Visitor: 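This structure is in structure tokens; I'll ask about it shortly.
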Amino acid sequence: MEDVKTTEISKTAKNAVWIADLSKHENESVCVQAWISNKRSGKGLFFLELRDGTGFCQSVMDLNNVGEEIFENCKQLTLSSSLRVFGKVVKDDRQIGGYEVQIDNIDIIQIVDNYPISNKEHGIEFLMEKRHLWLRSKRQWAIMRIRSRVKYAIHTFFQEKGFVQTDTPIFTGSACEGTTTLFETDYYGEPAYLSQSGQLYGEATAMALGKIYTFGPTFRAEKSKTRRHLSEFWMIEPEMAFYDLDMNMDLIEEFVRYIVTDIYEHYRFELEILERDLTLFENIGKEFPRITYDDAIKILKGDKDVEGKNAIKTLENDLVEVKAQIIECNKDIDEREAAIAAGGMKKGAINFNKNKIDVLKNKIKQLEEKERNIPQWLESAKNFKHGEDLGGSDETVITRLFSTPVMVYNWPKDIKAFYMKRNEENPDYVKGVDMLAPEGFGEIVGGAERETDHDLLVERIKAHDLPMEAFEWYLDLRKFGTVPHAGFGLGFERLIMWLTNVSHIRETIPFPRYYGRLFP
RNA sequence: UCCUCCAUAGCUCAGUUGGUUAGAGCGGUUGACUGUUAAUCAAUAGGUCCCUGGUUCGAGUCCAGGUGGGGGAGCCA
């Protein structure tokens with residue numbers, strides 16, 4: 001690239017300020033180092049929208065203020081060009097961030113040719129190819145900031161409660177719970193698998209440290225192609241000695257409420273950028289309903305109502321609603337097309353309407369997908385047989401009825417992991433709990449009180465057809481001072497997805513890894 | 001692995017029962033405009049219609065196979 005124009009890096013202004021700190025410098029002359037996120041111009045005027053990672057702000061260049069030479073220079077600036085802006089900070093409530101910089105001079109670091117991502121709509125495939133650049137856009141900026149804050153809140157919550165953060169191995173010698181497909185690697189000539197859960201190790205460290213939590217990467221080799229799956233994701237797994245199922249549920253509820261409240265209180269601006277509906281945040285103070293698996297099935301099959309709402313009827317209404325919306329959208333499109341065809345419309349208005357039509361067509365595509373899916377979900381819900389595990393659509397059907405997270409506990413033993421503690425009153429059930437997020441999101445927490453009895457565990461390991469020798473060390477935990485204990489796992493990206501209400505889990509992690517993607 | 005939808009300009013898309021020279025908006029470029037918020041207005045450049053084969057006088061359009069992608073099921077967080 002011979003065309004790259006740069007100035008000397010050594011010019012970096014020592015007194016430069018970050019956009020996030022502009023409010024501390026009202027009416028002062030400052031230097032802002034930034035990239036161009038958008039540009040508009042008028043006669044003798046340029047509006048440069050800047051971003052520096054800490055925030056966004058508009059700057060204005062007036063020909064009368066800076067003179068011909070600087071003004072001419074400014075013409076070359078393109079999207080994502082880097083520069084330093086020197087000027088006065090002025091309060092202006094109309095602008096993003098509430099401040100504007102009135103430019104005296106600029107120092108161009110690099111002029112960019114053909115930045116690929118415009119301020120227009122793009123498809124997910126294109127954006128994923130350009131993920132390293134996509135991260136610079138405003139929505140992604142907001143998501144990544146929330147991701148960071150949630151991570152901080154998680155650590156704060158547990159640390160302040162006296163939990164110890166412990167790490168578990170990523171290489172494991174056996175495909176422990178047996179069900180999911182794992183990534184196999186070569187470990188000095190032996191097969192090793194990338195961890196799908198640190199839970200068993202978490203139990204060991206809880207026996208050493210009392211209350212612990214892990215926060216690490218997890219790998220699943222399933223060839224899943226849905227908006228809720230990743231091959232590599234992060235998981236939080238607390239484990240507590242001397243906790244039973246009820247204490248576990250209390251902790252889950254307190255924990256989730258803490259995270260949601262923290263984001264609501266501190267990251268409102270980011271939620272606004274994402275146009276997140278705030279109902280969830282307003283309802284989070286309410287108690288989370290706790291229902292048994294048996295009741296969940298009754299709700300799913302429409303045999304039991306929730307606050308006067310019936311699952312099957314609600315879903316049938318959804319389908320009617322979707323169909324009505326499709327008709328509505330088509331009508332809207334027809335009207336706009338007719339208006340354009342009638343003539344006499346200004347070019348700007350035509351563009352506006354054409355754009356609207358594009359948006360509507362996209363909406364119809366999504367609605368049509370829903371229209372195809374809902375009947376399948378209905379079938380699945382009606383035909384659900386007691387004893388099966390809840391599928392993704394079943395969770396959607398159930399949580400559709402609630403305005404807060406719901407906890408489902410007391411599960412049939414055959415569909416849950418071998419280490420869950422049996423229910424003393426009814427040995428066909430185990431003391432597991434799933435927390436389902438509302439608004440149709442589905443499962444984000446899975447947990448349980450653990451089996452404490454050595455011989456029962458051995459029995460369960462055999463029943464699940466698992467290799468006994470791989471669990472010798474785990475059984476030691478029941479031989480040497482077994483105590484009641486419980487814990488849970490929370491999918492970090494699923495949590496972020498729910499909080500930000502982005503449609504795709506791929507947007508919640510900087511560089512997602514999923515079936516078919518390894519770059520960038 | 002199965003079901004379903006899709007692939008046309010850098011991007012987002014239109015393209016009628018198969019018909020002659022494939023279109024629009026955005027973005028790029030050039031110019032106009034003194035406060036814009038995806039600014040606006042005028043002009044302009046930009047194409048292996050995913051690949052292979054078939055039907056046809058004629059294929060972006062129809063058929064078969066392949067490749068790539070979206071959504072869902074299974075599995076799961």
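Labels below follow one simple rule: chain letters A, B, ... track the order of the sequence lines, proteins then strands, and each chain is numbered from 1. As the structure is a prediction and not an experimental result, all values here were calculated from the model.
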Visitor: Determine the Euclidean distance between corresponding P atoms of U12(B) and G27(B); express it in Å to zero decimal places.
Guide: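 Here G27(B) and U12(B) have their P atoms 15 Å from each other.
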Visitor: If we call it a pair only when both distances are under 3.5 Å in a Watson-Crick or G-U wobble match, what pairs with G27(B)?
Guide: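 Its partner is none (no Watson-Crick or G-U wobble pair with both distances under 3.5 Å).
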Visitor: Check the distance between C76(B)'s P and Glu232(A)'s CD and give it to me in whole angstrom.
Guide: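 It is 20 Å, rounded to the nearest whole Å.
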Visitor: Taking the C1' atom in each of U8(B) and G69(B), what is the distance between them to the nearest angstrom?
Guide: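 It works out to 16 Å between them.
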Visitor: In the strands shown, is U20(B) matched to any nucleotide by a Watson-Crick or G-U wobble pair with both distances under 3.5 Å, and which?
Guide: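 No nucleotide pairs with U20(B).
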Visitor: Have a look at Trp234(A) and tell me which of Ile509(A), Ile496(A), Leu490(A), Thr508(A) forms a side-chain contact (heavy atoms from CB on, under 4.5 Å) with it.
Guide: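 Answer after filtering Ile509(A), Ile496(A), Leu490(A), Thr508(A): Ile509(A).
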Visitor: So which nucleotide does C33(B) pair with, by the Watson-Crick or G-U wobble rule with both distances under 3.5 Å?
Guide: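 Its partner: none found.
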Visitor: Go through Tyr515(A) and His229(A) one step at a time and tell me if the side chain to side chain donor-acceptor pair (under 3.5 Å) criterion holds.
Guide: CA-CA 9 Å; Tyr515(A) 181 58; His229(A) 288 86; over 6 Å; no
Visitor: G27(B), G35(B), G70(B): which one has an atom nearest the side-chain heavy atoms of Arg506(A)?
Guide: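 Between G27(B), G35(B), G70(B), the one nearest the side chain of Arg506(A) would be G70(B).
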Visitor: Check the phosphate of G70(B) against Lys225(A), side-chain N and O only, distance under 4.0 Å to OP1 or OP2. Yes or no?
Guide: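 Looking at the OP1 and OP2 atoms of G70(B), one of them is under 4.0 Å from a side-chain N or O of Lys225(A).
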Visitor: Under the 6.0 Å and 45° cation-pi test, does Lys39(A) pair with Phe47(A)?
Guide: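 No, Lys39(A) does not sit over the ring of Phe47(A).
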Visitor: How are the rings of Tyr293(A) and Trp411(A) set relative to one another: parallel (under 30°), tilted (30 to 60°) or perpendicular (over 60°)?
Guide: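 Plane angle between 30° and 60°, so tilted.
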Visitor: Judged by each residue's nearest nucleotide on RNA chain B, which is more toward the 5′ side, Lys75(A) or Gly516(A)?
Guide: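 Its nucleotide being nearer the 5' end, the pick is Lys75(A).
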Visitor: With a 3.5 Å cut-off and just heavy-atom distances, do the side chain of Glu100(A) and the base of G35(B) make a donor-acceptor pair?
Guide: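 Donor-acceptor pair under 3.5 Å: yes.
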Visitor: Does Gln58(A) contact U36(B) through a side-chain donor or acceptor facing the base, at a distance under 3.5 Å?
Guide: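 Answer yes: a donor N or O sits under 3.5 Å from an acceptor.
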Visitor: Out of C75(B), C76(B), G27(B), which has the shortest distance to the side chain of Ser118(A)?
Guide: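 Shortest atom-to-atom distance from the side chain points to G27(B).
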Visitor: G35(B), A39(B), C75(B): which one has an atom nearest the side-chain heavy atoms of Ser224(A)?
Guide: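 The closest nucleotide is C75(B).
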Visitor: Rounding to an integer number of Å, can you tell me how far Glu49(A) CD sits from A38(B) P?
Guide: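 To the nearest whole Å, that distance equals 8 Å.
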Visitor: Between C41(B) and G25(B), how many Å separate the two P atoms, rounded to a whole number?
Guide: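 Taking atom P in both C41(B) and G25(B), they lie 10 Å apart.
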Visitor: Check whether any side-chain nitrogen or oxygen of Arg40(A) sits under 4.0 Å from OP1 or OP2 of A39(B), and answer yes or no.
Guide: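 For Arg40(A), the contact criterion (side-chain N or O under 4.0 Å from OP1 or OP2 of A39(B)) is met.
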Visitor: Using a strict cut-off of less than 4.0 Å between a Lys/Arg side-chain nitrogen and an Asp/Glu carboxylate oxygen, indicate whether Arg450(A) and Glu239(A) qualify as a salt bridge.
Guide: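 Judged by the 4.0 Å cut-off on N to carboxylate O distance, Arg450(A) and Glu239(A) do form a salt bridge.
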Visitor: Using whole Å, what does the distance between atom P of nucleotide A39(B) and atom CG of Leu79(A) come to?
Guide: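 From Leu79(A) CG to A39(B) P: 9 Å.
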Visitor: Reading RNA chain B from 5' onward, which residue's closest nucleotide shows up sooner: Arg517(A) or His122(A)?
Guide: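 It is His122(A) whose nearest nucleotide is closer to the 5' end.
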Visitor: G23(B) and G15(B): how far apart are their C1' atoms, nearest whole angstrom?
Guide: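 7 Å, rounded to whole Å.
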Visitor: May I ask which nucleotide in the shown strands pairs with G46(B), Watson-Crick or G-U wobble, both distances under 3.5 Å?
Guide: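 Because no pair has both required distances under 3.5 Å, G46(B) counts as unpaired.
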Visitor: Are the ring centres of Phe215(A) and Phe492(A) closer than 6.0 Å?
Guide: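 Yes.
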Visitor: Would you indicate which nucleotide in U37(B), U29(B), C76(B) comes nearest to any side-chain atom of Thr78(A)?
Guide: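 Among U37(B), U29(B), C76(B), the one nearest the side chain of Thr78(A) is U29(B).
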Visitor: Tell me whether the OP1 or OP2 atom of G35(B) has a side-chain N or O from Arg94(A) closer than 4.0 Å.
Guide: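 No, outside the criterion.
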Visitor: Taking OP1 and OP2 of A39(B), is either one under 4.0 Å from a side-chain nitrogen or oxygen of Asn38(A)?
Guide: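 For Asn38(A), the contact criterion (side-chain N or O under 4.0 Å from OP1 or OP2 of A39(B)) is met.
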Visitor: Considering only U29(B), A73(B), C76(B), which nucleotide approaches the side chain of Trp377(A) most closely?
Guide: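 Side chain of Trp377(A) sits closest to A73(B).
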Visitor: Rounded to whole angstrom units, what separation is found between the CG atom of Leu45(A) and the P atom of A32(B)?
Guide: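 Going from Leu45(A) (CG) to A32(B) (P), I get 15 Å.
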Visitor: Starting at atom CD of Glu129(A), determine the distance to atom C1' of G69(B), rounded to an integer number of angstrom.
Guide: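 In whole Å, G69(B) C1' and Glu129(A) CD are 10 Å from each other.
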Visitor: So, are Glu100(A) and Arg94(A) salt-bridged, with charged N and O less than 4.0 Å apart?
Guide: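 No.
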Visitor: Tell me what Ser380(A) touches on the nucleic acid: a base, only sugar-phosphate, or nothing, going by heavy atoms under 4.0 Å.
Guide: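 If one applies the 4.0 Å heavy-atom cut-off, Ser380(A) turns out to touch nothing in the nucleic acid.
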Visitor: Is C76(B) paired to anything, Watson-Crick or G-U wobble with both distances less than 3.5 Å, and if yes, which nucleotide?
Guide: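 Paired with no nucleotide.
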Visitor: Have a look at Arg228(A) and say if it touches a base, only the backbone sugar-phosphate, or nothing, with a 4.0 Å heavy-atom cut-off.
Guide: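 Counting heavy atoms under 4.0 Å across all strands, the contact made by Arg228(A) includes a base.
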Visitor: Please determine, for the side chain of Phe47(A), which listed nucleotide (G69(B), G70(B), G35(B)) has the closest atom?
Guide: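 Looking only at side-chain atoms, Phe47(A) lies closest to G35(B).
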Visitor: Nearest to the Phe126(A) side chain among A73(B), G28(B), U12(B), which nucleotide is it?
Guide: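 Nucleotide nearest to Phe126(A)'s side chain: U12(B).
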Visitor: Rounded to the nearest angstrom, tell me the gap between atom NZ in Lys223(A) and atom P in C76(B).
Guide: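 Those two atoms, NZ and P, are 17 Å apart.
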Visitor: I'd like the P distance from A9(B) over to C50(B), given in whole Å.
Guide: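 My reading of the P atoms in C50(B) and A9(B) gives 8 Å.
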Visitor: Determine the contact category for Asn64(A): base if any of its heavy atoms lies under 4.0 Å from a base atom, sugar-phosphate if only primed atoms, P, OP1 or OP2 are that close, otherwise nothing.
Guide: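 Base contact.
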Visitor: Mind checking the P distance from U17(B) to C13(B)? Whole angstroms is fine.
Guide: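 Pairwise P distance, U17(B) against C13(B), rounds to 22 Å.
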Visitor: Figure out the CD/C1' separation between Gln376(A) and G74(B), and round it to whole Å.
Guide: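 Going from Gln376(A) (CD) to G74(B) (C1'), I get 13 Å.
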Visitor: In the structure shown, which nucleotide is the Watson-Crick or G-U wobble counterpart of A64(B), with both distances under 3.5 Å?
Guide: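 Paired with A64(B), as far as the under-3.5 Å criterion goes, is U52(B).
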Visitor: Round to the nearest Å and state the distance from Leu77(A) atom CG to U36(B) atom C1'.
Guide: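 These atoms are roughly 16 Å apart.
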Visitor: Any chance the rings of Phe158(A) and Phe255(A) have centres within less than 6.0 Å?
Guide: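 Yes, the ring centres sit under 6.0 Å apart.
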Visitor: For a quick check of understanding: with a heavy-atom distance under 4.0 Å over all strands, which category does Gly123(A) fall into, base, sugar-phosphate or nothing?
Guide: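 Touches sugar-phosphate only.
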Visitor: Roughly how many Å apart are C6(B) and C49(B), using the C1' atom of each and rounding to a whole number?
Guide: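 So the two C1' atoms sit 15 Å from each other.
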Visitor: Determine the interatomic distance between C1' on A7(B) and the same-named atom on G66(B); round to the nearest Å.
Guide: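 Roughly 14 Å separates the two C1' atoms.
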Visitor: Among the nucleotides G35(B), G69(B), C76(B), which one has an atom lying closest to any side-chain atom of Val60(A)?
Guide: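 Selected nucleotide (nearest to the side chain): G35(B).
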Visitor: Gln95(A) side chain: which of U36(B), A73(B), C11(B) is closest?
Guide: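 Among U36(B), A73(B), C11(B), the one nearest the side chain of Gln95(A) is U36(B).
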Visitor: Regarding Glu275(A) and Arg139(A), does a basic nitrogen lie under 4.0 Å from an acidic carboxylate oxygen?
Guide: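 Looking at Glu275(A) and Arg139(A), the cut-off is not met.
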